[in-house]
Structure formats: structure tokens, C-alpha cells
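Worksheet: the structure to be examined is printed underneath.
In this chain, numbering begins with 1 at the start of the sequence shown. For the numbers below, each heavy atom of this structure counts, side chains included, while hydrogens, waters and symmetry mates do not.
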Amino acid sequence: MSTSPAKAVIRPATADDMAATAAIFAHCVDHTVISFELTPPPVGHWHERLAELTGRGLPFLVAEVDGTVAGYAYAGPWRPKPAYGRTVENSIYLAPDRTGQGIGGALLAELVDRCTWTDVRQIIAVIADTGSDASAELHRRHGFTQVGRLTEVGFKNGRWVGTILMQRTLNGAEPAG
């Protein structure tokens with residue numbers, strides 16, 4: 001476990017955290033374009049996701065502040081084809097009242113660290129190109145390099161949204177790019 005500037009405890013997620021995780025994600029789905037989901041998945045989806053990822057030995061973390069889940073991060077399979085088996089995609093979401101407090105950085109640092117304990121070689125970040133550089137800058141601060149950009153690949157909330165692709169190499173491999 002580690003502590004962020006906002007006094008968040010970063011720890012492995014448990015089944016008891018999944019309702020809060022679902023609520024955080026639902027807010028992002030319903031009120032932003034940072035997720036390309038159009039309908040928030042139910043809590044049961046999050047229980048299945050937790051079991052799937054931890055069953056693969058991949059990290060699923062939460063940031064807890066004063067006993068409340070303030071955000072979460074996980075590493076999931078990048079693509080289903082077997083040759084991609086050592087490449088993951090990271091996801092980080094924060095409660096709307098917890099942005100700008102250093103919690104995202106603490107989650108990402110711990111997620112990268114825990115991925116180094118596995119056989120993961122590459123972490124991919126697919127960031128919605130919303131016009132704000134905050135998420136891309138967060139990833140740059142944690143060793144990610146921009147490797148691509150896709151324009152107008154998602155349509156949500158009446159607008160076309162692109163993605164920024166970032167990558168970080170782990171476990172002694174040569175850096176991407």
C-alpha cells in the first residue's frame with residue numbers, strides 16, 4: 001500500500017469496492033466523453049472484471065480517502081489475441097470531487113509498479129482526446145510516450161471524439177518509440 005498527497009491509501013480492490021467503482025464509472029459514462037461506453041455497466045460487471053483481472057494476476061487498485069473509494073485503476077488485456085498476452089491497457093477513473101488532488105498520479109504509479117511484478121512488457125493508455133491535456137500529461141509524468149492519435153473514432157454526447165495512444169515499456173525492455 002502507498003499514500004498519495006491527498007492522503008489516499010492505494011490498495012488492491014475487493015468485492016466490497018465494486019459498488020463504488022461502478023458509481024464512479026457511471027458518472028464518467030453519463031456526464032463525460034472520457035469513456036466511450038454509452039450505458040454504465042451494472043455492479044455485477046465490476047465483480048466479474050475484478051475476478052477476471054485478479055485471476056490473470058493483473059492489478060486492480062482503489063484509492064481510498066477517509067474510508068471512501070475516491071478512484072480506481074486497473075490493467076486489463078490490450079487485445080484478445082494470444083500474441084498480445086504481455087501487453088495491457090491501463091484504466092484510471094476518479095470520483096468527480098477527487099480530481100486534481102494527486103490521486104490519479106498515485107494510482108498510476110502504483111499500477112505501473114505492480115505491473116512490473118508480472119510478466120507485462122508494455123502498458124498502453126488509450127486516452128479520449130477531449131481537448132484537455134491532463135490525462136496525457138499524467139501519463140507522460142509516469143514514463144509514457146505518445147505513440148499515436150486516432151481522430152473522430154467515437155461519437156458521444158453529440159460530438160466526435162478521438163483518442164491519444166500512449167505506451168510505456170516495462171521489465172528491462174527497450175522503450176517504445
Side-chain angles (χ1 to χ4, degrees), residues 1-4 6-81 84-120 122-128 130 134-135 138-139 142 144 153-154 156-157 161 163 165-166 168:
M1 287 197 233
S2 63
T3 304
S4 81
K7 305 290 189 233
V9 174
I10 309 300
R11 60 171 175 76
T14 68
D16 291 341
D17 300 318
M18 294 302 100
T21 298
I24 290 168
F25 190 69
H27 180 272
C28 292
V29 170
D30 290 339
H31 302 286
T32 77
V33 295
I34 63 174
S35 166
F36 281 21
E37 293 287 348
L38 299 177
T39 304
V43 175
H45 161 84
W46 291 101
H47 286 281
E48 291 169 9
R49 190 78 172 145
L50 176 64
E52 173 202 354
L53 297 178
T54 57
R56 291 175 180 249
L58 295 171
F60 192 136
L61 307 171
V62 295
E64 186 179 301
V65 177
D66 298 327
T68 301
V69 174
Y72 68 92
Y74 63 81
W78 164 241
R79 295 283 185 262
K81 295 178 181 168
Y84 290 119
R86 292 179 57 200
T87 300
V88 297
E89 180 180 346
N90 75 310
S91 294
I92 302 172
Y93 290 92
L94 300 176
D97 62 339
R98 291 299 182 176
T99 62
Q101 299 174 17
I103 296 170
L107 277 164
L108 184 54
E110 186 71 16
L111 187 72
V112 168
D113 185 53
R114 287 178 184 253
C115 282
T116 65
W117 304 354
T118 71
D119 67 350
V120 168
Q122 302 290 340
I123 303 175
I124 308 295
V126 180
I127 301 167
T130 63
S135 186
L138 170 70
H139 282 81
H142 290 275
F144 286 74
V153 292
K156 184 172 179 186
N157 295 348
V161 182
T163 57
L165 302 174
M166 300 186 80
R168 172 150 179 194

Return the [atom1] to [atom2] distance between [X] and [Y], rounded to the nearest 0.5 Å.
X	Y	atom1	atom2	result
Ser91	Leu107	OG	CG	11.5 Å
Thr163	Leu165	OG1	CG	5.0 Å
Thr116	Ile123	OG1	CD1	8.5 Å
Leu94	His27	CG	NE2	12.0 Å

Practice prompt. Taking all heavy atoms of Ala8 and all of Ile103, pick out the closest pair and write down the distance.
Written response: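 Minimum heavy-atom separation between Ala8 and Ile103: CB-CG1, 4.2 Å.
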
Practice prompt. Determine the minimum heavy-atom distance between Ile92 and Ala73, stating which atoms define it.
Written response: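 What the structure gives for the nearest pair is CG1-CB, 3.8 Å.
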
Worksheet item: So do Pro41 and Trp46 actually touch side chain to side chain, heavy atoms under 4.5 Å?
Response: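 Heavy-atom side-chain distance check passes, below 4.5 Å.
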
Worksheet item: Side chains of Lys156 and Val29: closer than 4.5 Å at any heavy-atom pair?
Response: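 Lys156 vs Val29: side chains touch.
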
Discussion item. I'd like to know whether CZ of Phe36 has more than 12 heavy-atom contacts from other residues, nucleotides or ligands below 6.0 angstrom.
Written reply: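 Atom CZ in Phe36 is packed in, count exceeds 12.
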
Worksheet item: Do the ring planes of Tyr74 and Tyr72 sit parallel (below 30°), tilted (30 to 60°) or perpendicular (above 60°)?
Response: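 Plane angle under 30°, so parallel.
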
Practice prompt. With sequence neighbours left out, write down each residue that passes side-chain hydrogen bond (donor to acceptor under 3.5 Å, both in side chains) with Thr32, or none if nothing qualifies.
Written response: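 Partners of Thr32 under the side-chain hydrogen bond (donor to acceptor under 3.5 Å, both in side chains) test: none.
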
Worksheet item: What residues form a side-chain contact (heavy atoms from CB on, under 4.5 Å) with Ala125, not counting sequence neighbours?
Response: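 Applying side-chain contact (heavy atoms from CB on, under 4.5 Å) to Ala125 gives Asn90, Ile127, His139, Phe144, Met166.
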
Discussion item. The criterion is side-chain contact (heavy atoms from CB on, under 4.5 Å); which residues satisfy it with Thr87, sequence neighbours excluded?
Written reply: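 Partners of Thr87 by the side-chain contact (heavy atoms from CB on, under 4.5 Å) criterion, ordered by chain and then number, come out as Trp78, Gln122, Ile124.
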
Can you give the donor-acceptor pairs under 3.5 Å from side chains of residues 53-69 to other protein atoms, not counting sequence neighbours?
residue	atom	partner	partner atom	Å
Thr54	OG1	Leu50	O	2.7
Glu64	OE1	Arg11	NE	3.0
Glu64	OE1	Arg11	NH2	2.7

Worksheet entry | Sequence-distant partners of His142, ring pair (Phe, Tyr, Trp, His ring centres under 6.0 Å), two or more places apart |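 Ring pair (Phe, Tyr, Trp, His ring centres under 6.0 Å) check on His142 returns nothing, list empty.
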
Discussion item. Going by salt bridge (Lys or Arg N to Asp or Glu O under 4.0 Å), name the pairs with one or both residues in residues 28-50, residues two or more places apart or in two chains.
Written reply: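 Of all non-adjacent pairs touching residues 28-50, those that pass salt bridge (Lys or Arg N to Asp or Glu O under 4.0 Å) are Arg49-Glu52.
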
